[in-house]
A.B. asks: 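One structure, as structure tokens, below. Some questions next.
Here the structure is a predicted model, which is why all the values come from computation and not from measurement. Both counts, for ligands and for their atoms, begin at 1 and track the order of listing.
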Amino acid sequence: MNALVKQHLIDPEICIRCYTCEEHCPVDAITHDDNNVVVDVSKCNFCMDCISPCPTGSIDNWRIVATPYTLEEQFEWMELPAQEDGLEAGTDGGGSLEALEDEVGALLARAHEGTGGKPIAPASASKPSVNLFNRAKPARAVVQGNFRLTDAAAENDVRHIILSLGDQVFPVLEGQSVGVVVPGTDDAGKPHQPRLYSISSARDGEKPNANNIALTVKREPGGLASNYLCDLEKGAEIEITGPFGGTFLMPNDPAANIIMICTGTGSAPFRAFTERRRRTSPNASGRMHLYFGARRPEELPYFGPLKKVPESLLHQELCFSRVDGAAKEYVQDRMRKRADQLVPLLNDGNTHIFICGLKGMETGVDEALSDVCRGAGLDWASLKPLMRQSGRYHVETY
Ligand code: A2P
């Protein structure tokens, strides 16, 4: 038998094609085509720089192989092949696999330190469909509406964009994303990569059974995709890819408590979660708590509609950082003040935490949860990996 190799692979069913791993790889071992993101076995040096930045855990897959999968094979995959039976340390003549297994195991443990390993979906989440449409075969969506959500005078221009998928089968779940294909090419003459946007409507559509989805998009200064989307007029046709995302998914269990923490357009999946519960189990025993940060009320997406959502469905903690005459408040500051509400939820084995929004928020929220736990004799450093391993702790920051 050939010497066995431990091969680093990406799960195409979980990967959301954000290309973060590709940006972090110092040896250019990660590439992609219109279909998949793949790892070149001849270049990967197991540095693990790609592991912790991956928002989904799709990057953390390994197979013991006698003949490594080629890039061409990986580009074709719709799912990851199973580990071939009978290949393990000791079955090859070389005997070097054992040492490599130990080394990779130790490096991975360090990359995952304190996180509890790769994320998994909530136990009661529906099985997502992923990667049905790609750059080579995109879905065509027609703009049904493009509404400004933020006040006309506000600094931020955030839009609610509704896309009709006509008769195309594009099944989505709350928490999933789509890729938006911006027409044209970059400076190097290559087509633009699809940009990812989280879906803000429920699985059965922005309008129930109308086969449409909604996106929440903030116009970024100089942003290619965001300006393209924000400028779209009703009736315009665009290309989208996806759906993407296999772990940041809403638990279906109506008894599940859901703590949702977001800033700005990070609210998109939580609008979808709330709408799903409103439509399916408005009297659910599980509680939904929303911590939502924005500069000012005028810049908080969906501020008006949120005011009409009853407390029985959604407990809201809206925090503002730039209101004249008021102290700056971030979501993590408010969480510390609401320790009395958070502690019973953290003590409940059916509580899920979802964090979505600015990258910096992740550390801030982590520290707040540490403080909240400490004050109640809980240990966040051990609770967080437990929650993650049981599909109850999810982060999507950008
Ligand atoms: P700030 O006023 O300090 O920028 P944006 O409007 O840029 O999308 O941001 C949404 C909200 O998130 C703003 O209130 C912003 O506050 C806040 N914010 C910025 N950085 C953090 C952070 N590290 N943790 C939590 N909230 C943050």
A.B. asks: Report yes if some N/O of Ala294 lies less than 3.5 Å from some N/O of ligand 1; otherwise report no.
C.D. replies: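 Yes: some nitrogen or oxygen of Ala294 is under 3.5 Å from one in ligand 1.
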
A.B. asks: Just checking His160 against Tyr302, ring centres under 6.0 Å apart?
C.D. replies: yes

A.B. asks: Would you say the side chains of Glu367 and Ser370 form a donor-acceptor pair under 3.5 Å?
C.D. replies: no

A.B. asks: Can you check which of Thr363, Leu300, Leu358, Thr265 brings a heavy atom nearest to atom 19 (C) of ligand 1?
C.D. replies: Leu358

A.B. asks: Quick test: of every protein heavy atom, which one is nearest to atom 20 (N) of ligand 1, and how far off is it to 0.1 Å?
C.D. replies: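 Ranked first by proximity to atom 20 (N) of ligand 1 is Tyr330 OH, 3.6 Å.
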
A.B. asks: Of the listed options (Glu362, Gln332, Lys359), which comes nearest to atom 24 (N) of ligand 1 when hydrogens are ignored and any heavy atom counts?
C.D. replies: Gln332

A.B. asks: Counting heavy atoms only, which of Gly360, Ala368, Gly264, Ser321 comes nearest to atom 16 (O) of ligand 1?
C.D. replies: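 Comparing heavy atoms across Gly360, Ala368, Gly264, Ser321, the nearest one to atom 16 (O) of ligand 1 lies in Ser321.
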
A.B. asks: Quick one: which ligand 1 atoms are inside 4.0 Å of a heavy atom on Asn156?
C.D. replies: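 In order of numbering, the contacting atoms are 6 (O).
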
A.B. asks: Indicate the ring-plane relationship of His352 and Phe354, choosing parallel, tilted or perpendicular according to the 30° and 60° boundaries.
C.D. replies: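 Parallel.
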
A.B. asks: Side chains of Asn252 and Ser126 only: does a donor on one sit below 3.5 Å from an acceptor on the other?
C.D. replies: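 Judged by distance alone, the side chains do pair up.
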
A.B. asks: One pair to check against salt bridge (charged side-chain N to carboxylate O under 4.0 Å, His left out): Lys218 and Asp157. What are the steps and the verdict?
C.D. replies: CA-CA 6 Å; Lys218 176 179 166 188; Asp157 178 6; over 6 Å; no

A.B. asks: Assess whether side-chain contact (heavy atoms from CB on, under 4.5 Å) is satisfied between Leu306 and Leu314, documenting all intermediate values.
C.D. replies: CA-CA 9 Å; Leu306 265 174; Leu314 180 71; 3.7 Å; yes

A.B. asks: Can you find a non-hydrogen atom of Glu155 under 4.0 Å from ligand 1?
C.D. replies: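 Judged by the 4.0 Å heavy-atom criterion, Glu155 does not count as contacting ligand 1.
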
A.B. asks: Fit a plane to each ring of Phe303 and Phe320, take the angle between them on a 0 to 90° scale, and name the class: parallel (under 30°), tilted (30 to 60°) or perpendicular (over 60°).
C.D. replies: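 Perpendicular, since the angle between the ring planes exceeds 60°.
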
A.B. asks: Going by the atom numbers of ligand 1, which of them fall below 4.0 Å from some non-hydrogen atom of Lys328?
C.D. replies: 3 (O)

A.B. asks: Under a 4.0 Å heavy-atom limit, does Val365 contact ligand 1 with its side chain, its backbone, both, or neither?
C.D. replies: neither

A.B. asks: Considering only heavy atoms, which of Met361, Arg322, Arg295 lies nearest to atom 4 (O) of ligand 1?
C.D. replies: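 Looking at heavy atoms only, Arg322 sits closest to atom 4 (O) of ligand 1.
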
A.B. asks: Can you confirm, on distance only, whether ligand 1 has an N/O atom lying under 3.5 Å from any N/O atom belonging to Thr263?
C.D. replies: no

A.B. asks: Using a 4.0 Å cut-off to any heavy atom of Lys218, which atoms of ligand 1 qualify?
C.D. replies: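 Reading through ligand 1 atom by atom, the close ones are 5 (P), 7 (O), 8 (O).
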
A.B. asks: When Val180 is tested against each of Leu229, Thr241, Leu232, Leu163 for side chain to side chain contact (heavy atoms under 4.5 Å, CB included), which residue passes?
C.D. replies: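 Of all the options given, the one that passes is Leu229.
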
